[in-house]
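Worksheet for the structure shown next.
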Amino acid sequence: MIHFDNSYARLPDGFFARVRPTPVAAPSLIALNEPLARAMGLDPDWLRGPEGVAMLAGNDLPQGADPIAQAYAGHQFGGFVPQLGDGRAVLLGEVVSPDGQRHDIQLKGCGKTPFSRRGDGRAWVGPVLREYLVSEFMAAMDVPTTRALAAVSTGETVWREAGRPGGVLTRVAASHIRVGTFQFFAVRGNEAALTALTDHVISRHYPTADGPLTLLQQVVARQADTIAQWMGLGFIHGVMNTDNMAISGETIDYGPCAFMDGYHPDTVFSSIDRMGRYAWAQQPQIAVWNLAQFASSLIPLMGEQDSAIEAATKAVHDFAPLYQAAWLRRFGAKLGLVENPQIQPLAEELLTVMARQRADFTRVFAGLTDGTARHEFSDPAPFDAWIRTWCAQGPDRDLITTANPRRIPRNHQIEAAITAASNGDFAPFHRLSVALTNPREERREWADLALAPRPEQVVSQTFCGT
C-alpha cells in the first residue's frame, strides 16, 4: 500500500481544483521503475499487482490521496496566458521517502480537469514513453529532473491526427510548483496567496531562505546549475515557457524536447518554435527572462518598491556569473580539466570546429578518451590542431568518462521504440530504457544505440506531448 499526504491541498482555495482521475477501460503495466520505487519506500511487488496498476492508471485512489489539478499561469513563447493549469494531469499527493524527502506523485494523461479547456485530458503512449526514457536518462546523468515511476497502457484509443493507444505516466517530482504558479496570483494582485505560496516553497524546498529575496536568489542559483547541465548534454527543452520552469530547479515537462546529433548552437527541434526562441544557445538567456518574471511576481512581498526592484534585479543578474561558473565546471569535466584557465577557450574552439562540420555532439566528447572523436569530422585537420593543445593540458580521462554519456536518447531511436509500442511491441522501449539508465557504460550489445542517425533516420522535428 501507499499512504499519501498532500500539503499543497492544504493551501487556500484558488490554488487548485479537486478532481478525480477518470478511470480507464483496461489498464496494463508497461514499465515500472523499481529502483525509484524502492528509494521512495514503495513496494514494487504491490505496484505490479492489480491494486497498484489500478492506482497507476487512475482507476483507484490509495489511502490518504487528495487528488487535485494545480492552477498556474504562464508566458508561452513570450505571450502571457493568465490561466493555464493541469489540463491532463492530477496530483494524487505526496509520498515521504525513508530519507524524509517529499515526492509528488502525479498522473499524466488521466482525464479532463477544470483546466483542460478543449482538450480530452488524455495522453497516448508516444509522449508517455518519450518522457519516461528522457527523464530517466537525465536522472542517470545527475541532472535535476522529474522522474518516471511507471507507464501504463489504458486499453483505450486516444484520437489525435489518428487513433493512438492511450497511456498514463506516473511522474515523481520534488514538487510541481512553477514560475507560472507565482504568476497566477501576481497577475490577480493576490498578495495573501503569494505569501502563502512563498512560505510553502521555502518550507518544502529552501529552508535556509528567510524571505522572498533569498528565495529568489536560491532559485536563480539552482536554475543556473540545471541549465548548464542541459547545455553540457546538448539537450534542448523545446518549450521553456514560464509554466515549464519548476521552482525546485528540476527539469520538467518533456514535450518537444530533444538532444542534438550534429552540433550547431542554433538547433531547434520543436515543431511550434518557428522563430528559434528556445534554440540550444538561447536557453541561458531564456532562463534569465523566466527568472525575471518570477522576480516580478515576488516584488510585492519585498517591501518598498524601488529597493525591492533593485534587489530583485541584482538577484536575476547574478544568474550570469553563476551560470558561467557552472558551465566551466560542466565543460571542464567533459574535457577532463579542473580549474584550468584553458577550459573556456578550449571548449569554445572545439564547439566552433564542431559547428562548422556538424560533428556529433555526444560522440565527439565521448570519443576523446579512445581517439574516435576524430572520426566525427569530415575534415579532421582543425580538430587535430585543437587536440594537440588539449593534450598538452594533461586531461583526466576518467573524468571525461564520468562526464560524457556514451548514449543519449536519440530522436530516431525513441521514434522507433514508440512506433513498435504503438503496434504492441514494447521490447525496443525496454531495451532502450535499460541502456539509457546506464549511459556511461560501454557494452557490445548496445553499440548500435551509440550511433548517430543515418541521413534517412534523422528526425528534425519533435511535437508537444498530447
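Only heavy atoms go into these numbers, but all of them, side chains included; no hydrogens, no water, no symmetry mates.
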Salt bridge or not for [X] and [Y], using N-O below 4.0 Å?
X	Y	result
Arg178	Asp253	yes
Asp225	Arg329	yes
Asp266	Arg277	no
Arg388	Asp384	no
Arg406	Glu441	no
Arg171	Asp104	no
Asp448	Arg407	no
Glu250	Arg147	no
Asp13	Arg18	no
Asp261	Arg454	no

Taking the six-membered ring for Trp, are the ring centroids of His200 and Tyr8 within less than 6.0 Å of each other?
->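 Yes, close enough.
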For the residue pair Phe429 and Tyr132, is the inter-centroid distance of their aromatic rings smaller than 6.0 Å?
->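 Yes, close enough.
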Tell me if a side-chain donor or acceptor on [X] pairs with a main-chain N or O of [Y] at a distance below 3.5 Å.
X	Y	answer
Thr214	Ala209	no
Thr251	Pro144	yes
Gln223	Ala246	yes
Asn241	Asp243	no
Trp280	His264	no
Gln218	Tyr206	no
Thr401	Arg397	yes
Lys108	Arg88	no
Asn244	Met240	no
Trp124	Gly167	no

Does the ring-ring contact (aromatic ring centres under 6.0 Å, His included) test come out yes or no for Phe15 and Phe185, once each step is laid out?
-> CA-CA 9 Å; Phe15 278 73; Phe185 297 108; 4.3 Å; yes
Which atom names give the shortest non-hydrogen contact between [X] and [Y], and what distance separates them?
X	Y	answer
Gly232	Arg330	CA-CG, 3.8 Å
Phe319	Ala224	CE1-CA, 3.4 Å
Met40	Ile105	CE-CD1, 3.4 Å
Leu436	Ala140	O-CB, 4.0 Å
Met141	Ala403	CE-O, 3.7 Å
Ala228	Trp327	CB-N, 3.8 Å

Between atom [atom1] of [X] and atom [atom2] of [Y], what is the distance when rounded to the nearest 0.5 Å?
X	Y	atom1	atom2	result
Ile408	Asp360	CD1	CG	6.5 Å
Leu92	Thr170	CG	OG1	8.0 Å
Cys257	Arg130	SG	CZ	5.5 Å

Report the C-alpha separation of Arg440 and Asp142 in whole Å, then their side-chain angles, then the decisive distance to 0.1 Å, and conclude whether the salt bridge (Lys or Arg N to Asp or Glu O under 4.0 Å) test is met.
-> CA-CA 12 Å; Arg440 303 174 181 89; Asp142 304 314; 3.3 Å; yes
Worked verdict on Ile252 versus His176 for side chain to side chain contact (heavy atoms under 4.5 Å, CB included) | CA-CA 8 Å; Ile252 191 171; His176 286 82; 4.0 Å; yes
Does the side chain of [X] reach to within under 4.5 Å of the side chain of [Y], using non-hydrogen atoms?
X	Y	answer
Ile247	Val179	yes
Ile387	Trp390	yes
Phe259	Thr362	no
Ile272	Val239	yes
Ser248	Ile177	no
Leu36	Val172	yes
Pro321	Tyr323	no
Val19	Ile68	no

Please check if atom CD in Glu310 has more than 12 non-hydrogen atoms from other residues, nucleotides or ligands closer than 6.0 Å.
->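 Not buried by this count: 12 neighbours or fewer within 6.0 Å.
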Set of ring-ring contact (aromatic ring centres under 6.0 Å, His included) partners for [X], sequence neighbours left out:
X	value
Tyr72	none
His205	none
Phe365	Phe361

Quick one: side chain to side chain donor-acceptor pair (under 3.5 Å) pairs with a partner in residues 185-196, sequence neighbours left out?
->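 For residues 185-196: none.
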Side chain to side chain donor-acceptor pair (under 3.5 Å) contacts in which one or both residues fall within residues 282-306, not counting sequence neighbours =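 Sorted result for residues 282-306: Glu304-Ser307.
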Decide whether [X] and [Y] meet the rule of one side-chain donor and one side-chain acceptor closer than 3.5 Å.
X	Y	result
Glu376	Gln357	no
Asp318	Gln217	no
Ser97	His103	yes
Gln70	Thr181	no
Tyr254	Thr145	yes
Thr242	Gln183	yes

Would you sort out whether Arg38 and Leu42 count as a side chain to side chain contact (heavy atoms under 4.5 Å, CB included), showing the intermediate values?
-> CA-CA 5 Å; Arg38 292 192 184 96; Leu42 307 180; over 6 Å; no
Does Tyr263 have Arg356 sitting over its ring (NZ/CZ under 6.0 Å from centre, angle to axis within 45°)?
->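 Judged by the rule, Arg356 and Tyr263 form no cation-pi pair.
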Plane angle bin for Trp230 and Phe235 - parallel if under 30°, tilted between 30 and 60°, otherwise perpendicular =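 Perpendicular, since the angle between the ring planes exceeds 60°.
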Only counting residues at least two apart or in another chain, list the ones meeting salt bridge (charged side-chain N to carboxylate O under 4.0 Å, His left out) with Asp273.
->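 In terms of salt bridge (charged side-chain N to carboxylate O under 4.0 Å, His left out), with neighbours along the sequence ignored, Asp273 is linked to no residue.
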